[in-house]
Amino acid sequence: MTNSPLTQQALNKAMMEAVDFIHAEGWDAAPTLFALVPSSLLIDALPSTDGDDDPAPLTLVVQDSLPANLGGGSEELEDYISRLAWPADVAGVILAQEIMFRDSPSPSNEPRPARLFSGVLRGGEELTLLQIRPTEDELAAQGPFAEDNIELRGGPQVAPGVIAALRYTLEQEAE
């Protein structure tokens, strides 16, 4: 096993932390951008994890400086992302945004609100997950704790444009 934080498993773990963070914030939220920093660089700043046998190799750092006018899937968000550059210590990035998603191209299939989580690492690893927002009827049918359930979908070639844009931000030199 390598000590490098740039593994698919590390990205998967960071992505699940991002999903949990965003889920706790609730629906109808603005896009959230996370820098992924090797935890080893932050070890002195992190609280002690006594008893934690499997510390996360990457730490999520929420970027609070996103302009308020950025909507999920918007041209403004695309333009903003295209102008980002990360310092070399940033190992990767995750973007969480709410979008409208259509399960199939059928005209009778109405688009539904969803969360799109897209992440890349400098080593080439990538992951995109989708969470469809459940309807009130779906929540009622699932019982009292239905909102705590998080169902994610993923696969290859999901949101390739977002992945390419995030990868581009890691290739630029930060000033």
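The figures that follow rest on heavy atoms only: side chains count, while hydrogens, waters and symmetry mates do not. Given the structure is predicted, the values throughout are model-derived calculations rather than measurements.
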For the pair [X] (side chain) and [Y] (backbone), establish whether a donor and an acceptor sit closer than 3.5 Å, ignoring hydrogens and angles.
X: S39; Y: A56; value: yes
X: R122; Y: L6; value: no
X: R112; Y: M100; value: no
X: Q97; Y: L95; value: no
X: E98; Y: D28; value: yes

Could you check whether any side-chain heavy atom of [X] comes within less than 4.5 Å of a side-chain heavy atom of [Y], counting everything from C-beta outward?
X: Q63; Y: F34; result: no
X: I94; Y: L60; result: yes
X: T59; Y: L36; result: no
X: W27; Y: R115; result: yes
X: F21; Y: V62; result: yes
X: V61; Y: V90; result: no

Of all heavy-atom pairs between [X] and [Y], which one has the smallest distance, and what is that distance?
X: L129; Y: G154; answer: CD2-CA, 4.2 Å
X: L66; Y: P31; answer: CD2-O, 3.6 Å
X: L11; Y: G119; answer: CD2-O, 3.9 Å
X: F101; Y: R153; answer: CE2-NH1, 3.9 Å
X: R102; Y: P111; answer: NH2-CG, 3.5 Å
X: T7; Y: L121; answer: O-CD1, 3.4 Å

Roughly how far, to the nearest 0.5 Å, is the [atom2] atom of [Y] from the [atom1] atom of [X]?
X: I99; Y: S74; atom1: CD1; atom2: OG; answer: 12.0 Å
X: E151; Y: R133; atom1: CD; atom2: CZ; answer: 15.0 Å
X: S65; Y: Y80; atom1: OG; atom2: OH; answer: 4.0 Å
X: E17; Y: I22; atom1: CD; atom2: CD1; answer: 12.5 Å

Common cluster, M15/L152, ILVMFWY with side-chain heavy-atom separation under 4.5 Å:
yes
By side-chain contact (heavy atoms from CB on, under 4.5 Å), which residues pair with R167, not counting sequence neighbours?
V120, E126, I163, E171
Verify side chain to side chain contact (heavy atoms under 4.5 Å, CB included) between I81 and T169, making sure each step is shown before the conclusion.
CA-CA 7 Å; I81 296 293; T169 68; 3.9 Å; yes
Which pairs with one or both residues in residues 61-79 pass salt bridge (charged side-chain N to carboxylate O under 4.0 Å, His left out), sequence neighbours excluded?
D79-R83
